[in-house]
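Have a look at the structure below, then the notes.
Per chain, numbering begins at 1; letters A, B, ... match sequence-line order. The analysis underlying the following values was restricted to heavy atoms, covering all of them including side chains, and did not include hydrogens, waters or symmetry mates.
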Amino acid sequence: MSILQRTFYNRPALEVARDLLGCRLVRFQNGQRLSGWIVETEAYQGEEDLGCHASAGKTHRTAVMYGPPGHAYVYFTYGMHWLLNAVTSREGTPAAVLIRAIQPEAGLEAMAENRPYQARKSGWTDGPAKLTQAFDINGDLNSIDLCSQGSGLWIESGQAVHDGQVSQTARIGLNSVPEPWRSIPWRFVAERGSIHG
DNA sequence: CGGCCGATTATCT
DNA sequence: GATAATCGGCCGG
């Protein structure tokens with residue numbers, strides 16, 4: 001196991017988003033280790049990116065993105081969901097990568113307990129708000145350092161995902177964001193089956 | 001599987 | 001006071 005260090009995150013969000021595919025998201029909760037392979041990400045970078053929360057400038061909520069890379073940006077949306085991002089780029093440059101989906105590896109029982117509606121549907125971690133529920137991630141973890149185990153949440157290096165197994169599309173859910181930001185292909189998806197579980 | 005719709009509240013104007 | 005980087009339920013195919 002090798003925890004991704006600050007140099008990994010100290011790059012443009014586009015590069016980090018691509019390279020996070022195949023890495024392992026780890027949560028330590030109640031003495032248990034929950035983990036999964038990252039299979040879908042989105043890059044948000046700069047105040048000029050009108051899809052990025054930082055496009056409204058520095059506020060209490062977005063301040064974390066202006067800070068040093070390698071920290072968690074966890075925010076609340078739609079009145080009920082927490083979404084997890086990793087802050088990228090040098091301090092002063094607001095950018096982050098949204099973790100949209102993971103492929104569960106360990107701690108499935110704990111994930112099931114963390115999820116409501118556990119008996120329903122198929123995936124527990126195939127959406128940005130589903131995985132935060134499964135991993136018990138909420139606002140308490142906003143701004144924590146992902147480069148150490150201290151806060152119980154970090155990312156480890158993992159499996160290499162070949163370029164041929166990665167597809168790039170427009171980011172999801174930016175319904176009122178103007179072009180070109182709405183359609184710019186800053187979403188990265190690892191093809192199903194590319195992660196050997 | 002795909003599309004539509006209501007839920008529910010922190011954050012910002 | 002309006003909006004939102006979503007989800008699950010319900011419908012039709």
Side-chain angles (χ1 to χ4, degrees), chain A residues 9 12-18 20-21 23 25 36 38-67 69 71-89 93-104 111-144 146 153 155 166-193:
Chain A
Y9 298 101
L14 269 176
E15 292 181 23
V16 176
R18 163 64 181 86
L20 276 177
L21 295 179
C23 291
L25 180 68
I38 297 173
V39 294
E40 180 180 344
T41 60
E42 281 175 4
Y44 291 85
Q45 48 182 4
E47 294 183 340
E48 60 284 354
D49 171 8
L50 296 184
C52 181
H53 289 160
S55 63
K58 188 173 181 177
T59 66
H60 178 68
R61 178 176 65 155
T62 62
V64 186
M65 279 198 283
Y66 289 78
H71 287 252
Y73 169 41
V74 183
Y75 74 93
F76 190 71
T77 192
Y78 288 106
M80 60 191 94
H81 299 303
W82 295 99
L83 272 58
L84 170 67
N85 296 252
V87 173
T88 78
S89 302
T93 300
V97 172
L98 172 68
I99 312 296
R100 287 194 59 87
I102 64 133
Q103 183 174 308
M111 292 183 201
E113 284 178 26
N114 290 335
R115 289 275 303 159
Y117 313 110
Q118 41 182 288
R120 319 208 175 260
K121 287 286 182 182
S122 47
W124 295 337
T125 58
D126 58 354
K130 293 185 190 180
L131 72 89
T132 55
Q133 285 176 29
F135 278 63
D136 190 31
I137 293 167
N138 57 49
D140 293 343
L141 292 173
N142 186 40
S143 85
I144 62 104
L146 293 170
L153 179 67
I155 304 176
V166 177
S167 56
Q168 254 177 281
T169 77
R171 295 172 292 183
I172 304 295
L174 304 192
N175 300 310
S176 57
V177 172
E179 299 291 0
W181 311 108
R182 180 176 177 163
S183 301
I184 200 164
W186 286 0
R187 170 176 177 246
F188 296 82
V189 183
E191 185 180 302
R192 244 175 81 85

Kindly compute the distance separating CG (A:Asn142) from CG (A:Asn85), expressed to the nearest 0.5 Å.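 Going from CG on A:Asn142 over to CG on A:Asn85, the span is 9.5 Å.
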Strand partner of B:dT8, provided both Watson-Crick or wobble distances fall under 3.5 Å: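 Here B:dT8 is not engaged in any pair, so there is no nucleotide opposite it.
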Pair assignment for C:dA5, Watson-Crick or G-U wobble, requiring both distances under 3.5 Å: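 Looking at the geometry, C:dA5 pairs with no nucleotide.
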Starting at [atom1] of [X] and ending at [atom2] of [N], how long is that distance when rounded to a whole Å?
X	N	atom1	atom2	answer
A:Trp82	B:dT11	CH2	P	7 Å
A:Asn175	C:dT6	CG	P	8 Å
A:Gln133	C:dC7	CD	C1'	8 Å
A:Arg61	B:dT9	CZ	P	17 Å
A:Leu50	C:dT3	CG	P	17 Å
A:Lys130	C:dG9	NZ	P	10 Å
A:Ile172	C:dT6	CD1	P	8 Å
A:Tyr73	B:dA10	OH	P	15 Å

Are side-chain heavy atoms of [X] and [Y] found at a separation under 4.5 Å?
X	Y	value
A:Phe135	A:Met111	yes
A:Ile155	A:Ile38	yes
A:Arg182	A:Glu179	yes

Which nucleotide in [options] has an atom nearest any side-chain atom of [X]:
X	options	value
A:Leu83	B:dT13, B:dT8, C:dA5	C:dA5
A:Ala129	C:dC7, C:dG8, C:dA5	C:dC7
A:Thr59	B:dC12, C:dG8, C:dT6	B:dC12
A:Pro128	C:dA5, C:dC7, C:dG8	C:dC7
A:His60	B:dC12, B:dA10, C:dT6	B:dC12
A:Leu174	B:dT13, C:dA5, C:dG8	C:dA5
A:His81	C:dG8, B:dC12, C:dT6	C:dT6
A:Leu98	C:dA5, B:dT9, C:dG8	C:dA5

Using a cut-off of 4.0 Å on non-hydrogen atoms, how would the nucleic acid contact of A:Tyr78 be classed: base, sugar-phosphate, or nothing?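 It contacts base atoms.
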Over all strands shown, is A:Gly139 touching base, sugar-phosphate only, or nothing at heavy-atom distances under 4.0 angstrom?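 Nothing, no nucleic acid heavy atom in range.
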Side chain to side chain contact (heavy atoms under 4.5 Å, CB included) for A:Tyr44 and A:Asp49? Distances and angles first, verdict last. CA-CA 7 Å; A:Tyr44 291 85; A:Asp49 171 8; 4.1 Å; yes
Return the stacking result for C:dA5 and A:Tyr44: yes when the ring centres lie under 5.5 Å apart and the planes under 30°, no otherwise.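 A stacking contact exists, since A:Tyr44 sits close and nearly parallel to the base ring of C:dA5.
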Would you state whether a donor and an acceptor, one from the side chain of A:His53 and one from the base of C:dA5, lie under 3.5 Å apart?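 When only heavy-atom distances are counted, A:His53 does reach the base of C:dA5 through a donor-acceptor pair under 3.5 Å.
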Below 4.0 angstrom from OP1 or OP2 of C:dT3, is there any side-chain N or O of A:Thr77?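 No, no such contact exists.
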Tell me whether the OP1 or OP2 atom of C:dT6 has a side-chain N or O from A:Arg100 closer than 4.0 Å. yes
For A:Gly51 and A:Leu174, work out which heavy atoms get closest and say how close.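 Shortest heavy-atom contact: CA-CD1, 4.2 Å.
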